[in-house]
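The structure under discussion appears below in the form of structure tokens.
The chains referred to below are lettered A, B, ... by the order of the sequence lines, with proteins before strands, and numbering in each begins at 1.
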Protein chains: 2
Amino acid sequence: MTTAKLNLDNYLPYLVNRVGTSIAEQFGAEALAPYGLSIAMWRVMAVLASTGAQRQIDLAALTSIEVSTLSRIVTRMVRMGVVSRTRSTSSTREVVVKLTAKGNGQVERLIPIAHDYESVATAGLPADDVAVLKRCLRRVYANMRNRQVTAVAAA
Amino acid sequence: MTTAKLNLDNYLPYLVNRVGTSIAEQFGAEALAPYGLSIAMWRVMAVLASTGAQRQIDLAALTSIEVSTLSRIVTRMVRMGVVSRTRSTSSTREVVVKLTAKGNGQVERLIPIAHDYESVATAGLPADDVAVLKRCLRRVYANMRNRQVTAVAAA
DNA sequence: TTACAATAGTTGTATCTACAAGTATTGTGC
DNA sequence: GCACAATACTTGTAGATACAACTATTGTAA
């Protein structure tokens, strides 16, 4: 009987986790700290900048942040003046989160830095490989999301 | 003057984060919960199973868990009986963390499930692409780690 | 229209996390 | 070998997170 073995250096979740952690740590400490922003806040702002105003529940899905956690993060961000939270006109149980001018200004200054980080991260890799990398990550996410949905539907 | 734009769907840190989160969420809820293990604990056990007994500081680096956080996690794991913490013989300020028989048994049962998750995650992707994906992730990590070391050395 | 289910968001609470500051041990230069 | 720096780990404390339970609003089916 052979013992199940796990080669970490070739195990996708491990590789993904350490990359995510290392990028977030450095970007947070160097780029975000001056603005008093956390990584979670940056993710919210990046999503809003990229996809426009969102309901909190959609924002939660887009940022991978749990809804109750996001609720409090948005509260803090409103206090900081970087986003606004207004009741939806169509449905008053919904809320619309939107970047303020101040928040928008900060993202504008952060986006070039974010691109720099991406360049550093992919340094030395052929453009073709980076394209494959990103395509694979999109597919992996789709696979996991599909699995999730199927599992929930079956329950 | 053109406004800096961030296309999230092509932004590496975003793609990495959502993949890491989705895998961890599902693996945690489905595979780990029955054992009362958190993702952080699983990471510790996976590293120990894969690389053998480790000092806490090395374990911290290998798991991407901050040292003080890891200290408390190991304390909990010792109480659960899945790892042992003993003073190093060579240096009593060091500590050696090791899987117990119980801990080892749990990892053995979890490793096949972990492999299943990896299969689900990479379903539909050509083996060549998966190879590129993993190679890229290793390189990206090396790039970020190198950047970190250089920055710290300069300070 | 009225009841009931589903959806969106918030809040209570326990737990987890991370920074900073602490203790203890080991290494190093004089 | 003695002072001082560096390393390994722990702990105090404040803040962040997640689950569950809650309120409020909207959808739906009889």
Q. Counting heavy atoms not belonging to R145(B), are there more than 12 under 6.0 Å from its CZ?
A. no

What is the distance, rounded to the nearest whole Å, between atom [atom1] of [X] and atom [atom2] of [N]?
X      : N       : atom1 : atom2 : result
I73(A) : dT10(C) : CD1   : P     : 12 Å
L59(A) : dT7(C)  : CG    : P     : 19 Å
M77(B) : dC16(C) : CE    : C1'   : 15 Å
Q56(A) : dT23(D) : CD    : C1'   : 15 Å
L70(B) : dC19(C) : CG    : P     : 14 Å
R79(B) : dT15(C) : CZ    : P     : 11 Å
L62(A) : dA8(C)  : CG    : P     : 13 Å
M41(A) : dG15(D) : CE    : C1'   : 11 Å

Provide the closest heavy-atom pair for [X] versus [Y] in the form atom of the first, atom of the second, distance.
X      : Y       : answer
V96(A) : A53(A)  : CG1-CB, 3.7 Å
A49(B) : V107(B) : CB-CG1, 3.7 Å
T63(B) : N17(A)  : O-ND2, 4.0 Å

The side chain of [X] is closest to which nucleotide in this list: [options]?
X      : options                   : result
R72(A) : dA24(C), dT13(C), dT26(D) : dT13(C)
I57(A) : dT13(C), dA18(C), dG9(C)  : dG9(C)
S71(B) : dA18(D), dA24(D), dT11(D) : dT11(D)
E94(B) : dT13(C), dA8(D), dT13(D)  : dA8(D)
E66(B) : dT25(D), dC19(C), dG12(C) : dC19(C)

Q: Return each pair, listed once, that meets salt bridge (charged side-chain N to carboxylate O under 4.0 Å, His left out) where at least one residue sits in residues 92-102 of chain A; pairs must be two or more places apart or across chains.
A: R55(A)-E94(A)

Q. When we call it a touch if two heavy atoms are under 4.0 Å apart, what does S91(B) touch: a base, just sugar-phosphate, or nothing?
A. sugar-phosphate

Q) Reckon I65(B) touches a base, only the sugar-phosphate, or nothing at all at heavy-atom distances under 4.0 Å? A) nothing

Under 4.0 Å: is that the gap between some side-chain N or O of [X] and OP1 or OP2 of [N]?
X      : N       : result
R55(A) : dA8(C)  : yes
R85(A) : dT10(C) : yes
T69(A) : dA18(D) : yes
T92(B) : dT26(C) : yes

Q) When K134(A) is tested against each of L15(B), V16(B), L133(B) for side chain to side chain contact (heavy atoms under 4.5 Å, CB included), which residue passes? A) L15(B)

Q) Between S90(A) and R87(B), which is nearer to the 5' end of DNA chain D once each is assigned its nearest nucleotide? A) R87(B)

Q: Ignoring hydrogens and angles, answer whether the base of dC9(D) and the side-chain atoms of S68(B) contain a donor-acceptor pair closer than 3.5 Å.
A: no

